[in-house]
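Reviewing the structure listed below.
Order of the sequence lines fixes the chain letters, A, B, ..., with proteins taken first and strands second; residue numbering starts at 1 for each chain.
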2 protein chains.
Amino acid sequence: MERYNKHPKHFVAVDCVILGYDEGELCLLLYPRGFQPSKGAWSLMGGFVQNNESSDDAAKRVLKQTIGLEDIFMKQVGTFAEPDRDTEDRVISIAYYALVRIEEHDKACVREHGAHWWPISELPAMIFDHRKMVDKALLKLQQEAGYRIIGQELLAEKFTMLQLRQLYQAIFQREFDPGNFRKKILSLDVLERLNEKNMLESKKGAFYYKCKEENNERGLDRIVKV
Amino acid sequence: MERYNKHPKHFVAVDCVILGYDEGELCLLLYPRGFQPSKGAWSLMGGFVQNNESSDDAAKRVLKQTIGLEDIFMKQVGTFAEPDRDTEDRVISIAYYALVRIEEHDKACVREHGAHWWPISELPAMIFDHRKMVDKALLKLQQEAGYRIIGQELLAEKFTMLQLRQLYQAIFQREFDPGNFRKKILSLDVLERLNEKNMLESKKGAFYYKCKEENNERGLDRIVKV
DNA sequence: ACAAAAGTGTTGCGGCTACACCCATGA
DNA sequence: TCATGGGTGTAGCCGCAACACTTTTGT
């Protein structure tokens, strides 16, 4: 008994704003659209939502296919449903953003798609409303990072205060005072200092830290005022 | 040329978390589902996204139909796309929340649907994942109210400090000190004091305020720390 | 010796909280 | 006159920003 049949059905897609971090800057993974219209223009990684698949599942599938990684931090950005947003046919798209360690992704997988990492400050033109998705994703990332330590998602398992601070500077596009940043972060008591130092980025050497397990539970103080 | 045809299409709906404010408490408008399964269970107001209609448009249409009001404050909450969330058939639903002045809506229109305003503290069971939508909407409302004065949306064009404070107490589920609340709000310089007093709720009489026009532009200080 | 990052300490300002306090007036 | 909300003032606390200062070590 199909009660809903008088209503139209639509293509539903997911588009992934895949963010990494490299050399002090946030980077976005884009791939070149291979056919007209807008051939050669850059596009987010996307895919259609299949039957028996939630949009979360679809986004995970796209991520697996394009960068070969699973269990990635990922959140919904919002849904874009203007009737003419896709020039080919109507497609309603649910945007997600994902945070990946840029060093760990499957480079062959990415190369195969002709994809390219772009620094956030120099993004090329993108198809459709993908630029809007990216901008909204970056805002959501700031919100997330303002309430929870974003560290292991974009850096490595262990990281130094310098690395974490530079990451936050990239996310919030502003400087943080080294001393104050350190004290603020440590006062939250969500990092664990390891008995190991990074000797590469300073003469004195900087302790590595890693996130404590319970970091996932939010509810901290706010870290960065917006 | 339909390049997407190998992919499935889906029903796409909007569901509206319609919030009002009455006698010191937030209220939610629900209507009873009229058919099996879950007949008699309560449901959000919803509707299907039509062709040539964005989801924002669809949500506005649903609001117009159910409470007879246009130009209502409204924001996207998120998209719910579990394959089995609707027991009848697969429907992907985009949830919105709307803020309405409970006194101004079209009561005949609402009665016709058998709808009922429920205080937030005593919500009945709802169908499908509607409860999740409501909870997420209430969180979004807190976020919004924390950065912008939510006043004219839920109260009247003009309102007293007492009314505004009680509204905020309902939204954040906690008490605010009357003096401090007043000073904080006025320091934002987004309200305009009218030469008119409300004599009904106190002996001395309280000035009415209304929102200045530019209140819509966000970017204020944070009002309530979460 | 110098530079550069690590790490700690100090000080001042601003905002928030918890009140105290007077005002106006209806019951 | 008492209770109630309106409205203002104030003292203390806390957090943050700015910045000084010491440590360590490679070049």
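When rounded to the nearest whole Å, the span between CG of A:Asn198 and P of C:dA4 equals 18 Å. The distance from atom CG of B:Leu200 to atom P of D:dG5 is 14 Å, rounded to the nearest whole Å. Across the protein-nucleic acid pair, B:Phe207 atom CZ and D:dG6 atom C1' stand 10 Å apart, rounded to whole Å. One atom, CZ of A:Phe181, and another, P of D:dA18, lie 15 Å apart when rounded to the nearest Å. As a whole-Å value, the separation of B:Leu191 CG from D:dG6 C1' is 16 Å. Look at CZ on A:Arg182: it is 17 Å from P on D:dC16, rounded to the nearest Å. Atom CD of B:Glu175 and atom P of C:dA18 are 12 Å apart (whole Å). When rounded to the nearest whole Å, the span between CD1 of A:Ile185 and P of D:dC16 equals 11 Å.
Distance alone, capped at 3.5 Å, places no donor-acceptor pair between the B:Glu157 side chain and the B:Gln152 backbone.
By the 30° and 60° cut-offs, the orientation of the rings of B:Tyr168 relative to B:Phe176 is perpendicular. The aromatic rings of A:His130 and A:Phe128 sit perpendicular to each other, their planes meeting at more than 60°, with 30° as the lower class boundary. Under the 30°/60° scheme for interplanar angles, the aromatic rings of A:Tyr97 and A:Phe73 are found to be tilted.
A salt bridge links A:Asp135 with A:Arg131; the closest basic N to acidic carboxylate O contact falls under 4.0 Å. Look at B:Glu82 and B:Lys132 and you find no salt bridge, because none of the NZ, NE, NH1 or NH2 atoms lies under 4.0 Å from a carboxylate O.
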Each nucleotide of nucleotides 19-27 of chain C classed B (base within 4.0 Å of a protein heavy atom), S (only sugar-phosphate) or -, in 5' to 3' order, makes B---BSBS-
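Residue A:Lys184 places no side-chain N or O under 4.0 Å from the OP1 or OP2 atom of D:dG15.
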